[in-house]
Structures are given as structure tokens and as C-alpha cells.
Protein chains: 2
Amino acid sequence: MSRVDKDTIIRAAEEVIREKGARKLTLDAVAAQCGLSKGGLLHHFRTKQALLKAMLESAIEQEEAIRLECGEGPGSELAARVQCMFALMENDEGLPRSLIAAVAEDPSLLEPIKAKEARVRREVCDQSGDPELALLLLSAARGIFLGRVLGVMEPGDPAIDRLRERLLAMCKELD
Amino acid sequence: MSRVDKDTIIRAAEEVIREKGARKLTLDAVAAQCGLSKGGLLHHFRTKQALLKAMLESAIEQEEAIRLECGEGPGSELAARVQCMFALMENDEGLPRSLIAAVAEDPSLLEPIKAKEARVRREVCDQSGDPELALLLLSAARGIFLGRVLGVMEPGDPAIDRLRERLLAMCKELD
DNA sequence: CAAAACCAACCAACTGGTCGGTATGGTAGC
DNA sequence: GCTACCATACCGACCAGTTGGTTGGTTTTG
């Protein structure tokens with residue numbers, strides 16, 4: 001029986017990034033955050049890379065879970081993905097933080113995300129009668145999302161809500 | 001007369017990020033890259049933060065220069081900005097790399113970019129008869145751009161070209 | 001000459017990672 | 001029940017290499 005499981009550690013790592021920035025994501029900081037010694041932390045993740053990788057995988061899982069929630073109705077894949085991205089923004093969880101840390105540490109860690117992203121694009125295109133417009137709308141959603149990840153766009157901006165409505169309307173129109 | 005000027009150092013820093021990743025952007029690495037001792041480097045930039053800040057400012061300048069090139073004709077601000085972003089992608093210069101390094105090091109360094117981004121959005125909105133659609137198109141361009149910055153989207157993807165054409169067409173339609 | 005540009009040696013703090021050891025809880029044999 | 005054994009979780013000291021930054025001196029240039 002473990003008192004601290006891997007998921008707790010991943011959350012702690014995300015918290016460190018949130019508080020101190022991606023550059024300060026050190027093993028010591030993570031260990032301190034979840035009340036563990038560095039030795040204990042390294043017992044769960046043998047290297048820092050392993051921790052980063054687990055963070056990304058966890059983030060992807062979370063995203064896919066939200067995606068399923070958004071796609072229950074008869075809407076298209078595109079609409080579901082757009083909704084999913086906005087949902088992801090509301091409770092800014094692991095993915096954004098992990099993304100930044102990973103790309104700073106070792107861009108090759110993003111390979112799984114790259115693959116997932118390509119798959120989503122293909123699905124969205126295949127399903128739509130106007131693949132280019134579909135891709136364009138998807139890109140717009142990602143632009144807003146990544147803008148928030150980088151902190152370039154304000155969280156509470158009312159324009160975001162209006163953009164979401166407009167985006168979703170255009171998605172429906174496309175179907 | 002200096003044998004190595006600040007601009008050379010900034011370019012060297014960008015090169016380091018390109019070759020080794022944002023995390024490896026160290027003073028030693030930058031000094032080595034531009035054939036300077038660390039002491040010499042620190043003579044030009046007293047702290048690492050100062051170097052980062054200068055990198056961002058330089059990147060913004062470059063972007064504004066490209067923006068002016070793109071906006072010579074009668075096109076709207078929106079069209080010019082979209083064109084500018086695609087031009088920025090073709091010769092992937094400092095801005096993308098600097099962005100990642102800065103956000104990893106200290107997100108508050110992005111403040112100038114945030115301000116500039118907000119200003120652009122305002123201009124684009126003010127000029128357009130359909131501000132939301134304009135913002136949406138701008139977001140799409142940024143989504144593609146940031147997707148490339150993070151390495152999530154392939155550089156040579158032909159879809160990018162098609163997306164650019166479509167985006168520009170929609171911009172013209174909006175005018 | 002005086003200032004600016006530059007260098008080499010150095011430093012303290014931090015980094016990821018190793019290592020020997022301890023605490024705990026389960027399990028098999030008696 | 002008790003003992004011997006073992007695996008897992010965890011600790012804390014330690015290490016070598018790296019980091020940003022300092023200092024004191026040397027070269028270059030106007």
C-alpha cells in the first residue's frame with residue numbers, strides 16, 4: 001500500500017509549474033510539493049524524463065475523457081473537439097502546464113501529442129464536406145487554447161465566450 | 001567598435017535553442033555559440049533575464065517589420081496580420097524559439113507580447129464589420145503558427161498552404 | 001591615457017541521480 | 001502464534017556536473 005501514488009506526484013508536478021514556472025520544475029521541488037524526499041520521488045519515477053512522460057500521458061488521458069463527454073450527442077467530431085478544447089480551458093489542468101515543461105525540456109517528448117493531433121485532424125477532415133474549413137475552425141480553437149496556455153490571452157476575456165459561440169455555430173453550419 | 005554586438009548574441013541564443021532546446025539555453029552555451037567567453041557575454045547582458053528580454057524585443061521588432069511588408073497594399077489589418085504570421089513561419093526566426101524559452105524561464109517576460117497581441121486584436125476588431133469572425137480568423141492563423149512553434153504540426157504539411165489560401169480568401173471576403 | 005571590450009579563474013547554489021539503509025506489511029513454514 | 005524471509009515504499013546523505021554570476025586582470029580602440 002502506497003501512501004503517495006504516481007498520480008499524486010503528477011499533480012504535484014503540475015502545481016509546481018503553476019506556481020513557479022516550467023523552468024523551476026525540478027525533482028527537489030516536486031518532492032517537496034508532495035511531501036516526499038527526492039529519494040522517495042525517484043523510487044516512483046526513475047528519471048525526470050519518465051516523470052515528464054507520465055505527465056503528458058496523464059494529460060492526454062484527461063483530454064480524451066473530456067472529449068468523450070463533449071461528443072455524446074449527434075454532433076460532428078469537429079464540434080466535439082472544439083467544445084473539448086474550450087472545456088479544457090475552463091479548468092486549466094495538466095495539459096497546458098505539461099506541454100510547456102515538456103517542450104522546454106525535450107521537444108521529442110511531444111511526439112505522442114503530435115501523433116494524436118494528426119489523428120484528430122484526419123478524423124475531422126474525413127468527416128467533413130469542407131475539410132479545409134473544418135481544419136480552419138479546428139485551428140482557430142487551438143489558437144485560442146494555446147494563446148491561453150502561453151498566457152498571451154487573458155483568462156476572463158469575454159471575447160473568448162463570444163468566439164466559442166461563433167465557432168460552434170459555424171461547426172453546426174458545416175454539418 | 002565592438003567585434004561582437006548584441007544582435008549577434010541574440011542570434012546565437014536563438015541558434016542554441018534551435019539546436020539544443022529551450023532548457024539548454026545557458027549562458028555558457030550562448031557564449032560558446034558566438035565565440036565569446038561567459039565573462040564577455042555578461043559584459044553585454046548583465047543577467048540572463050536581460051538577454052531573454054532583449055531576445056523577445058528583437059523578435060517583436062522583426063515581426064513588426066514583416067507586418068509592414070505584408071501590409072503595403074490596400075488589404076485590411078487582418079489580412080496583413082495573417083500574411084505576416086505565415087511569413088513568420090516560413091523563415092522560422094527568433095520569435096517562436098524566444099517565446100518558448102521565455103515562457104519556460106519566467107512567464108512574466110511575456111508581458112510585452114501580451115500587450116502587443118491585445119493591441120492587434122483591438123485593431124483588427126475595430127476595422128472589421130464582423131469583429132467576431134475577424135477574431136476567429138486571426139485565432140486560426142495563430143493556432144497554425146503556435147502549432148508549428150510547439151512542433152505539433154509538421155513544417156512541410158501541404159495542408160498549411162491550403163489553409164493559408166483559404167484564410168486569406170475569407171479575409172478578403174470580410175472586407 | 002582612459003574607457004570599453006573581453007577573458008580566465010573562480011564560486012556558491014542548484015541539478016539530476018546514486019546508494020546504503022530503514023520501516024512496514026505480507027506470506028510461508030513450523 | 002511466532003519466526004524467517006522478502007518486496008515495496010521511502011529516507012537522507014552524498015556526488016559529479018551544471019548553473020548564473022563575480023572578480024581582477026588583459027587587450028583593444030578611440
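None of the values given here were measured: they were computed from a predicted structure. Convention: sequence-line order gives letters A, B, ...; per-chain numbering from 1.
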- Ignoring the backbone of A/Ser37, work out which of D/dT19, D/dA9, D/dG12 is nearest its side chain. D/dG12

- Task: Measure from NZ on A/Lys38 to C1' on D/dA13 and round the result to the nearest Å.
- Result: 11 Å

- Using atom CZ of A/Arg46 as one end and atom P of D/dA9 as the other, report the distance to the nearest whole Å. 13 Å

- Is A/His44 near enough to D/dT8 that one of its side-chain N or O atoms lies under 4.0 angstrom from OP1 or OP2? no

- Could you please name the option among C/dC6, C/dG16, D/dG20 that lies closest to any side-chain atom of B/Leu27? D/dG20

- Query: Which nucleotide in the list D/dG20, D/dC10, C/dG16 gets nearest to the side chain of B/Asp28?
  - Reply: D/dG20

- Measure from the side chain of A/Thr47, starting at C-beta and using heavy atoms only, and say which of D/dT19, C/dG17, D/dA9 lies closest. C/dG17

- How long is the line joining CD1 of A/Ile9 and C1' of D/dC10, in whole Å? 11 Å

- A/Leu42 side chain, from C-beta outward: closest of C/dC7, D/dC11, C/dG17: C/dG17

- Item | Gap between atoms NZ and C1', on A/Lys6 and D/dT8 respectively (whole Å) | 12 Å

- Task: Rounded to the nearest angstrom, tell me the gap between atom NZ in A/Lys24 and atom P in D/dG20.
- Result: 12 Å

- side-chain N/O B/His43 vs C/dC6 OP1/OP2, d < 4.0 Å: no

- Testing D/dA9, C/dG16, D/dG20 for proximity to the side chain of B/Lys48, the answer is D/dG20

